[in-house]
Chemist: 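Attaching a single structure in C-alpha cells format; questions to follow.
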Amino acid sequence: MTGSTTQAPGRTRGSLVRSKRVLPGFGLSLGISLLFISLVLLLPLTGLVAEASGMSWSQFWFVISDPRVVASYKVTLWTALAASLFNGVFGLLLAWCLVRYEFPGKRLIDAMVDLPFALPTAVAGITLATLLSRDGWYGQWLDTLGINLAYTPAGIVIAMAFTSLPFVVRTVQPVLEEMPPEDEEAAITLGASDGRVFRKVIFPTLWPALVTGVALSFTRSLGEFGAVIFIAGNTPYVSEVTSLMIFIRLQEYDYAAASAIAAMVLLVSLSLLFAITLWQGRYLRRLLGR
Amino acid sequence: MKYQSHHRVGDGPWVRRTLVLLTVLLATLFLAIPLILIFSQALGAGWGVMISNITDRYTLHAIGLTLFVALLTVPLNLVFGVALAWLVTRFHFPGRKLLITLIDIPFAVSPVVAGLLYLLLYGRNGWLGSWLGEYDVQLMFSWPGIVMVTVFVTCPFVARELIPLMQQQGSEEEEAAVTLGASGWRLFRKVTLPNIKWALIYGVVLTNARAVGEFGAVSVVSGNIRGQTNTLPLHVELLYQDYNIAGAFAAASLLAAIAVLTLAIKGVAEWRQARLMANDRPDRKLQ
Amino acid sequence: AERQLLNSSYDIARELFAAYNEQFKEYWLEKTGDTVTIDQSHAGSSKQAQAIIQGLKADVVTFNQVTDINILHERGQLIPEDWAERLPNNSSPYYSTMAYLVRKGNPKNIENWDDLVREDVELVMPNPKTSGNGRYTYLAALGYAQETFGDDQEKTDQFLADLLGRVKVFDSGGRGATTTFIERGIGDALLTFESEVLNIADRYPGEYEVVTPKISFLAEFPVTWIDEYVEQNGTEDLAKGYLTHLYSEEAQRLLAGFNYRVHDGVVKAEFSDRFPEVTLLPVSEIAGSWENAMETHFASGGKLDQLQRRR
Amino acid sequence: MSIKIDRLNKYFGDFRALQDISLDIPEGRLTALLGPSGSGKTTLLRIIAGLESATQGRILFGDRDVSQVPVKDRNVGFVFQHYALFRNMTVADNIAFGLESMPARSRPPKAEIRKSVERLLEMIQLPHLAKRYPAQLSGGQKQRVALARALATRPDILLLDEPFGALDARVRKDLRRWLRSLHDEFHFTSVFVTHDQEEALELSDQVVVMSQGQIEQVDAPTRLYARPGSRFVFDFLGHVNVIAGTVDAEGRLRQGEAWVTLPDAPAPGEAQLYLRPHEVHLVSEPTGQACLPFIIEAVNLIGAEVRIELKPKGWACDDIWEVGISHAEFSRWQPERGDQCFVSPDIGHLFKGESTSPETLTWRP
Amino acid sequence: MSIKIDRLNKYFGDFRALQDISLDIPEGRLTALLGPSGSGKTTLLRIIAGLESATQGRILFGDRDVSQVPVKDRNVGFVFQHYALFRNMTVADNIAFGLESMPARSRPPKAEIRKSVERLLEMIQLPHLAKRYPAQLSGGQKQRVALARALATRPDILLLDEPFGALDARVRKDLRRWLRSLHDEFHFTSVFVTHDQEEALELSDQVVVMSQGQIEQVDAPTRLYARPGSRFVFDFLGHVNVIAGTVDAEGRLRQGEAWVTLPDAPAPGEAQLYLRPHEVHLVSEPTGQACLPFIIEAVNLIGAEVRIELKPKGWACDDIWEVGISHAEFSRWQPERGDQCFVSPDIGHLFKGESTSPETLTWRP
Ligand SMILES: Nc1ncnc2c1ncn2[C@@H]1O[C@H](COP(=O)(O)OP(=O)(O)OP(=O)(O)O)[C@@H](O)[C@H]1O
Ligand SMILES: Nc1ncnc2c1ncn2[C@@H]1O[C@H](COP(=O)(O)OP(=O)(O)OP(=O)(O)O)[C@@H](O)[C@H]1O
Ligand SMILES: [Mg+2]
Ligand SMILES: [Mg+2]
Ligand SMILES: O=S(=O)([O-])[O-]
C-alpha cells in the first residue's frame with residue numbers, strides 16, 4: 001500500500017475518497033441541479049447553437065455584419081452603457097443613502113428599488129412612454145424646456161436604466177453594509193479629507209461590487225426589449241436596438257439569422273460577465289488574500 | 001454643550017442633506033411617479049370602470065392563468081434554488097464555479113430570445129417537439145410552455161438569494177447536527193431551513209413577482225389565445241392594442257399591485273432576517 | 001353538438017372578430033343546430049404564422065398579409081400552394097388601403113404623397129420590417145412614385161428615401177403607431193390602414209381628419225383554413241363555413257361597419273360615402289408579386305435597407 | 001503633549017457609557033486603559049481621538065481645548081484592534097497615506113515621503129514587505145504596519161485600541177516588547193486600551209482601571225498591583241484568595257473552623273481578607289497566626305512555579321484558592337491531590353464592613 | 001473507548017496537511033492536540049470525528065475500524081470553537097437535538113428526553129436559561145450549552161476544537177477548570193485542540209504536539225515540559241533562553257565573551273544550549289561554571305515572581321533572555337535597568353550540531 005502511495009500523492013486517491021461527503025444530500029442536490037440546469041438552461045441553448053451552426057461562416061458573418069444590425073449594436077451598446085453608467089451613479093447614491101442615513105421614507109424607497117424587477121417590462125415601457133410623451137407628466141414639462149426624451153436614444157437609456165436599476169443597488173448595498181467603520185476612521189485620523197477617504201478607501205472596496213452591478217445592469221440592458229420598444233422611436237440607424245433586429249428577423253421567418261444575432265448578444269454578455277468574474281477573482285484575492 | 005461629531009465620510013450635515021434630497025428626488029421621479037401613473041391611469045375613468053375592466057371575463061381568466069403559472073413555477077424554482085444553493089455552498093467539487101455562473105444565463109438572455117429558444121426546441125419543427133408530437137404531446141402554445149419559459153426566466157432568483165447567505169453562514173451548524181446523529185431531512189428541516197427562511201421567502205417573492213410579470217418570453221410561446229393562453233401581461237398588451245387604455249392600465253395596476261404587495265412581503269422578510277442576524281452578533285454595536 | 005374553432009388573426013382585429021363570431025355562431029346554430037365556441041388568438045400576423053408552423057393548432061387564419069399565409073405552405077406544408085384560389089377574391093373577403101390621418105384642420109395641408117416629403121412634415125408609421133401595415137404603406141408610396149416618375153429609378157428611390165426620412169417614429173406595429181400619433185401627439189400625419197384611420201376619426205370626432213390619397217395600395221386581408229389542423233381537429237366544415245360566411249351580405253355589412261372596404265355590391269353602395277373612389281394598385285402592378293416584393297424590397301439588404309441607409 | 005479630560009460624560013441614547021470622567025494623561029508616557037468588556041474604554045479612547053463626541057465635558061491637548069476640533073485636525077495616531085489597514089493599498093502606500101493626505105502647502109515632496117516611508121519600514125523591521133498587500137501579511141506584521149502608518153504623520157498623541165487583542169499569545173508578547181522599546185526611544189504620549197491586566201501592568205507607565213463607565217483607580221503598575229484601591233481592582237488584577245468572616249473581640253477573623261489573627265487588632269465586625277497567591281505560604285500545621293485548613297484540589301507543575309489549587313475544609317469561599325510554591329519547595333514537600341494543608345498569610349488586605357478601600361496587613365514570619 | 005490512528009495521511013489537492021500520523025489515544029483520558037496555526041490539529045480532529053475523510057490510513061475506535069463509518073454513526077460528541085449552536089432553537093431544544101435525532105427504535109420517550117435535558121442543564125449550571133436562545137447567551141454560557149449538547153447522547157468520545165479559543169481570559173480559565181472537573185467525574189475519552197500551551201499543559205493527561213502536519217512529541221504534560229524532545233517543542237512550550245556556540249576541547253561552550261562549562265565534557269563542535277527561565281539563577285559575578293554577561297533590559301514586578309529581561313553583553317542571541325526571581329530575592333538585590341549581571345545555569349538542554357533531540361545537563365550548585 002505504502003509503496004504505491006508515495007508515488008501518487010493525493011490526486012487520484014484524493015478525488016476518490018473525497019466523494020465521501022460529510023453532509024447529506026450531495027447526490028440529491030447534484031442530481032436536481034444538473035437535471036434542472038441541463039433541461040431548463042442548457043438544452044434550449046442547443047437550439048440556438050443548432051440554428052446558428054446551420055449557417056456557413058460567411059452567411060453568419062453576412063447576417064451579423066449587416067449595416068443596420070451593426071448600427072443597432074452601436075445604439076444598443078451606447079445606450080446600455082449610458083444606462084448602466086447612470087445606474088452606477090444613481091444606484092451607488094441610492095445604496096449609499098439607504099445604508100448610511102436615516103431619513104423619512106427610507107424604508108419605502110428601499111422597498112421600491114425592486115419595483116422594476118417586479119413590474120412587467122411592457123408595462124414599464126408603456127408607463128415611461130406615457131410619462132415622457134409630449135403631453136405626459138414629465139414630457140410637457142420638458143417640452144417647455146425644449147427637451148424631448150421620448151422616441152430618442154435618450155428614451156432607450158431611460159427605459160434600460162429603469163429596468164436594470166435594482167442590479168446595482170442590490171449588489172452594492174450589502175458591501176456597503178458590511179464595510180467596517182474602522183477603515184474610514186483610520187483614514188480620517190490620518191488627516192484625510194472626506195473626498196479623499198471616499199476615493200482612496202471606500203471606493204476601492206466598493207469597486208468590485210459596483211462593477212458587477214453595472215455589468216449585470218449592462219447585460220440586462222443589452223437584451224431589453226419590452227420596455228425599450230415603446231419608447232425608442234425605432235428609427236433605423238438611430239434608435240433601433242439589437243433586440244428589435246432579432247425580432248425583425250423572426251418576423252421574416254429567418255430563425256437562423258435571429259439565432260445568429262442572439263448568439264452574438266449572448267456571447268458578449270456571457271464573456272463580459274465571465275471576464276468580470278475573473279477580474280474580480282484576482283482583485284478580491286489581493287484584497288482578501290484568498 | 002452639544003456638537004455633532006463627524007467621523008464617518010458623508011456625515012457632514014450639508015453633504016448628508018444634499019445626498020438624501022437627491023436620492024428622494026430621483027427615487028420619486030424614477031420609481032414612485034411611474035407607479036403612481038399606473039394607478040392614476042387605471043382610475044382615470046373612475047372606480048366603476050376600473051372594476052368592470054378587472055372583472056371582465058377575459059381579464060379574470062388572465063388573472064387565473066397567471067396565478068396558476070406562478071403557482072407551478074415557484075415551487076419548481078424553489079426546489080431547484082435550494083438544491084443548487086445547498087450543492088454549491090456545502091460541497092466542494094470540480095465545476096462548482098461553473099454552475100454558479102450558469103445560473104446567470106437567464107439574466108444574459110433577452111426574454112424574447114428565451115422564448116424563441118424554447119420554441120425552436122419544443123415547437124412542431126424542433127427536434128424535441130417533433131418527437132413529442134408523435135405522441136400527441138404539445139407543450140408550446142399551452143400552459144406547460146408558458147410554465148417552462150417562466151421557469152427559465154425566473155430560475156436564478158432563489159439561488160441567487162440563498163447562495164451568499166448560506167456561504168456566509170457556513171456549515172458548522174449542519175456539521176454539529178450530523179455529529180449529533182441527525183439524518184438528512186431532519187437536518188435540513190430543523191437546522192438549515194430556519195436559518196435561511198427569510199432569504200428563501202424573499203427569493204420566492206421575487207420569483208413570484210417576475211413569474212407573474214413575465215412578458216417577452218411568454219408572449220413568444222403562448223399562442224395568445226384569449227381566454228386560454230393569455231396571461232395578465234399579455235392581456236395588458238391586448239387591451240392596449242384595442243385602445244382600451246384604461247383597461248390596459250387597470251390590468252397593469254393589478255400587476256403593479258402584485259409588485260407592491262411582493263415588495264411589502266419582501267420588506268418584512270428582510271427586516272426579520274436583519275433582526276435575526278443582529279441577534280446573532282450581540283457584540284456588534286448598534287449604530 | 002358543441003364544437004370548437006380557433007381563429008388565429010392579426011393583432012388589431014379582436015373586436016371585429018368578436019362581433020363576427022357572435023353573428024356566425026347564430027348563423028351556424030340555425031344552419032346546423034351546433035353551438036360553436038370560437039377562440040380568438042391575436043398578435044402580429046408574422047408571429048401568428050410562426051406559432052402555427054410551430055404547432056399552434058388554429059383552424060382558420062384571418063390575416064392582413066398574404067405573405068404570412070404563403071409561409072404556412074412554404075415552411076409548414078400546412079396548406080396547399082393554391083390556397084388563394086379556394087375562396088373568392090383571392091381569398092380575401094375584405095380589403096383596405098393606405099390613408100393618412102392628419103390633425104384637425106389639416107394644418108400642414110397634406111393631400112397626397114408628395115406632400116409627405118416636405119421638409120416641415122413629420123410622419124408616424126409602423127415599421128415596414130416588423131409589420132405588414134408598414135410594408136403596405138411603403139408599397140403604396142412606391143406605387144405612387146412609379147406612376148409619377150415613370151421609369152426614373154433614381155427619382156423613385158429618392159422619393160421613397162425622403163419619405164422614410166420624414167418618419168419620426170417607426171413603431172413595431174400599427175396600433176403602436178396610432179398610440180404614438182394620438183396619445184403622444186407626435187407627427188403631422190399617421191400613415192396606416194384606411195380602416196384604422198377611419199376608426200380613429202370616428203372615435204375622436206372633430207379632432208382629426210382623414211386623407212385618402214388618389215393613388216394607393218390594394219391591401220387584401222386574406223383568409224384560409226389550415227388543412228392539416230382542421231383535419232386533426234375534425235373541423236373542416238366548420239372552418240370553411242366560418243370563412244365562407246364572411247362573404248355573406250350580413251357579414252360584409254359588419255366588416256364595412258368596421259371601416260373595411262368590401263366586395264358585396266349592396267353593402268358597397270350603402271357605404272359609398274365613406275370610401276372614396278381611388279386608384280388601388282395591387283402588388284402585381286407595383287412589384288410583380290409578393291415573393292418579388294419581399295425579396296427586392298423587404299429582405300435583409302433589400303431596397304428598403306438601402307433606402308434607409310443613413311445618408 | 002499631555003491630555004486633560006475634564007468631567008466627561010457620554011450617553012448613548014439613555015445609556016450612560018461614561019460618567020464624569022476626569023483624568024490627566026502625562027506627556028511622553030504610556031497610559032493603559034484597563035477594564036472589563038463594556039466598561040467604556042473604547043468609548044473614552046474614541047472620544048479622545050474625536051471619533052466620537054462627548055455629551056458633556058472637555059478634552060484638552062496641552063492647553064488647547066480640542067473638544068470642537070474635528071478628528072483630522074487633532075493630529076492623533078490611532079491603531080485599531082483589527083488593524084484596519086487599507087486592503088487595496090500596498091504596505092508602503094498604507095504608510096504613506098497620512099503624509100499624502102496633508103494639505104498641499106504643508107505636504108512634504110514626493111521624494112521625502114518615500115524616504116519617510118523607508119525609514120518607518122526600517123523601524124518596523126519590514127522593509128522587504130513594502131510591496132505586499134495587507135492580506136499577504138501575518139497578524140503581527142499587519143499590526144506593525146498599522147503602527148507605522150499611525151506614526152508617519154508624527155502625531156502628538158498615539159491611541160491604540162486593544163492593539164494586540166487579535167494576536168496569538170507569542171506574537172503578542174513580541175509585539176508588546178517591541179512597542180515598549182519603540183516608546184522608550186521616541187517618547188510619544190500614548191494611550192492604549194486592553195482588558196488583559198498582565199499587558200497593562202507590563203507595558204504601561206500608568207494604568208487607568210475602568211468599570212461601568214467610571215474610573216476605579218489610576219496608578220503606576222507596581223503600586224496598583226501592590227495596593228489595589230477597591231475590591232473591583234483586586235478581583236480584576238489577577239487571582240485573589242478571599243476569606244469572609246467576622247472579626248471577634250481578640251482581633252481574629254473567623255469563619256467556621258478557619259481563623260486568622262489580624263495584626264493591629266481592628267474593631268469587631270464583618271470583614272473580608274484578600275490574599276494574593278504569592279503573599280501566602282503553605283504549611284502542614286496551623287500556625288499561631290492562622291488556621292486555614294484546605295484540601296489540595298489540583299497540583300500544576302508547569303512553568304516557573306508550582307501552582308496549587310485548594311478547596312476550603314470546614315469553611316466556605318466563593319472561589320477556589322490558589323497558592324504558588326517554588327519547584328524546590330515542591331520537591332521537598334511533594335504535596336498531592338487530596339492532601340490536607342494549611343495556609344499562612346504574609347501580606348493581606350482587609351476590607352471592613354462595606355468599606356470600599358482596603359487596609360494592608362503584614363504578618364511577621 | 002480508546003482511539004487508534006494508523007498511518008494517516010491527508011491531502012488537500014496537492015497540499016499534504018497530515019503526514020503519516022500514527023497515534024494512540026487512551027481511554028478515559030483528556031488528550032490535547034497542541035501546535036501552531038496551520039499545523040493540522042483541526043484537520044486531524046475532524047478526521048477522527050468523520051467530518052473529513054482521510055486520504056490514506058485507518059482510524060480505530062477500540063477494535064472497530066471506523067474509517068468508513070459515517071459521522072452520524074460514529075457516536076462522537078463534537079464541540080466547535082464558535083459553538084455552532086442552532087440559533088433558531090432554545091437552549092433546551094439544542095441540548096435535546098441529539099436525543100431526538102436518534103432512530104425511532106432506540107430513541108428514549110419524550111419524558112425521558114426532557115429529564116435528560118434537565119439533568120444536563122443542571123450539570124452546566126444553567127437550568128434557569130433553558131428557554132433562552134443562543135443569541136441571548138454570553139460566550140462562556142454558549143460553550144457550556146455546546147458541551148451539554150455534545151454530551152447528551154452519551155458519546156464514546158468527546159472532541160473539542162479550541163473550545164475556549166473565542167473566550168475572554170477569565171471566562172476561559174473558569175471553563176477550563178469546569179471541564180477538568182467534569183472530566184474527572186465522567187471520564188469520557190476526550191481530545192481537544194488548542195494552540196495555547198498553558199491550556200494544554202494544565203488541562204490534559206497527554207499532549208500531542210504537532211507541527212506542519214506531523215507529530216513532534218507525545219507525552220504527559222510534566223514530562224513534556226521537563227524533557228522536550230526537539231527544538232520546536234522547546235520553543236513552543238514557553239520562553240526559552242538560548243546560547244549558540246562552539247564546544248572546545250575542555251568541554252566549554254563559547255561564544256564571544258560568554259562561556260559555559262558543560263558537565264560530562266561532550267565532544268567538540270557546534271552546539272546550542274537551551275535554558276528555561278526558572279532553571280537558571282542570577283549572580284553578580286561569573287561563577288566557575290559559567291560566564292554569561294548581560295545588561296538588564298527590563299524588570300517586571302508583577303505577579304508571583306519578578307521577571308527580568310536581559311540583553312547579552314559581549315555576545316549575541318536571537319531572542320532576549322528572561323529570568324524569574326522571587327520577590328524576596330528581588331528585595332535583597334534590587335536589580336535595576338542598565339545594571340550588569342551574570343546568569344548561572346542549573347539545568348540545561350544541549351543540542352549538538354544538527355541533532356534534533358537534546359541532552360539534559362545538570363550543574364551542581
Ligand atoms: N454606538 C453605541 N451605541 C450604543 N451603545 C454603545 C455604543 N458604543 C458603545 N456602547 C455601549 O457603551 C458601553 C461601553 O462600550 P465600549 O465599547 O466603550 O466598551 P469597552 O470597554 O471598549 O469594551 P470591550 O472590551 O468589549 O471593547 C457598552 O455597554 C456598549 O454597549
Ligand atoms: N478544506 C481545506 N482545503 C485546503 N486546505 C485546507 C483545508 N482545511 C485546512 N487546510 C490546510 O491544512 C492545513 C492545516 O489546517 P488546520 O485547520 O488543520 O490547522 P490548525 O492546526 O487547526 O490551525 P489553527 O490553529 O489555525 O486552527 C492548513 O495549512 C490549512 O490551510
Ligand atoms: Mg473596546
Ligand atoms: Mg484549527
Ligand atoms: O420581457 S421583454 O418584454 O423585455 O422581452
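So you know, we letter chains A, B, ... as the sequences are listed, proteins then strands, and number each from 1.
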Chemist: Treating T59(B) as the side-chain partner and T55(B) as the backbone partner, does any N or O pair qualify as donor plus acceptor under 3.5 Å?
Modeler: no
Chemist: In residues 35-48 of chain C, which residues are in contact with chain B at a heavy-atom separation under 4.5 Å?
Modeler: D39(C), Q40(C), S41(C), H42(C), A43(C), K47(C), Q48(C)
Chemist: Who wins among G174(C), G76(C), G176(C), A51(C) for the most heavy-atom pairs under 4.5 Å with chain B?
Modeler: A51(C)
Chemist: Take D59(C) and Y242(C), measure what side chain to side chain donor-acceptor pair (under 3.5 Å) needs, and give me the verdict at the end.
Modeler: CA-CA 10 Å; D59(C) 301 286; Y242(C) 185 78; over 6 Å; no
Chemist: Is there any residue in residues 116-126 of chain B with a non-hydrogen atom under 4.5 Å from a non-hydrogen atom of chain C, and which ones are they?
Modeler: L119(B), G123(B), R124(B), N125(B), G126(B)
Chemist: Contact part of S130(B) toward chain C, heavy-atom cut-off under 4.5 Å: side chain, backbone, both or neither?
Modeler: neither
Chemist: Could you walk me through whether Y135(B) and W131(B) pass the ring-ring contact (aromatic ring centres under 6.0 Å, His included) check?
Modeler: CA-CA 7 Å; Y135(B) 299 92; W131(B) 178 75; 5.4 Å; yes
Chemist: Is it the case that over 12 heavy atoms from other parts of the model lie below 6.0 angstrom from the CD atom of E26(C)?
Modeler: no
Chemist: Most heavy-atom pairs under 4.5 angstrom with chain B, which of Q50(C), E15(C), R203(C)?
Modeler: R203(C)
Chemist: Considering only heavy atoms, which portion of V220(B) lies under 4.5 Å from any heavy atom of chain C: side chain, backbone, both, or neither?
Modeler: backbone
Chemist: Does a donor on one side chain sit under 3.5 Å from an acceptor on the other, for T62(C) and N7(C)?
Modeler: yes
Chemist: Quick check on the interface: out of T179(C), D11(C), I12(C), who has the most heavy-atom pairs with chain B under 4.5 Å?
Modeler: T179(C)
Chemist: Is the side chain of N53(B) donor-acceptor paired with the backbone N or O of V49(B) at a distance under 3.5 Å, no angle test?
Modeler: yes
Chemist: Looking at Q232(C), I'd like to know if its CD atom is crowded, meaning that more than 12 non-hydrogen atoms belonging to other residues, nucleotides or ligands lie closer than 6.0 Å.
Modeler: yes
Chemist: Taking the six-membered ring of F275(C) as reference, does the cationic atom of R261(C) (NZ for Lys, CZ for Arg) lie under 6.0 Å from its centre and within 45° of its axis?
Modeler: no
Chemist: Side chains of D227(C) and W83(C): donor-acceptor distance under 3.5 Å anywhere?
Modeler: no
Chemist: Would R103(C) and F181(C) count as a cation-pi pair here, with the cationic atom under 6.0 angstrom from the ring centre and within 45° of the axis?
Modeler: yes
Chemist: Rounded to the nearest 0.5 Å, what separation is found between the CZ atom of F221(C) and the CZ atom of F63(C)?
Modeler: 13.0 Å
Chemist: Please state whether the side chain, the backbone, both or neither of I245(B) comes within less than 4.5 Å of a heavy atom of chain C.
Modeler: side chain
Chemist: Might you work through the side chain to side chain donor-acceptor pair (under 3.5 Å) test for N77(B) and T207(B), ending with a clear yes or no?
Modeler: CA-CA 8 Å; N77(B) 277 333; T207(B) 307; 5.4 Å; no
Chemist: Please rank S219(B), G129(B), S142(B), G133(B) by heavy-atom pairs under 4.5 Å with chain C and give me the top one.
Modeler: S219(B)
Chemist: Identify which part of I200(C) has an atom lying under 4.5 Å from any heavy atom of chain B, answering side chain, backbone, both or neither.
Modeler: side chain
Chemist: Give the C-alpha distance, both sets of side-chain angles, the deciding distance and a yes or no for side chain to side chain donor-acceptor pair (under 3.5 Å) between T231(B) and T66(B).
Modeler: CA-CA 5 Å; T231(B) 62; T66(B) 303; 4.7 Å; no
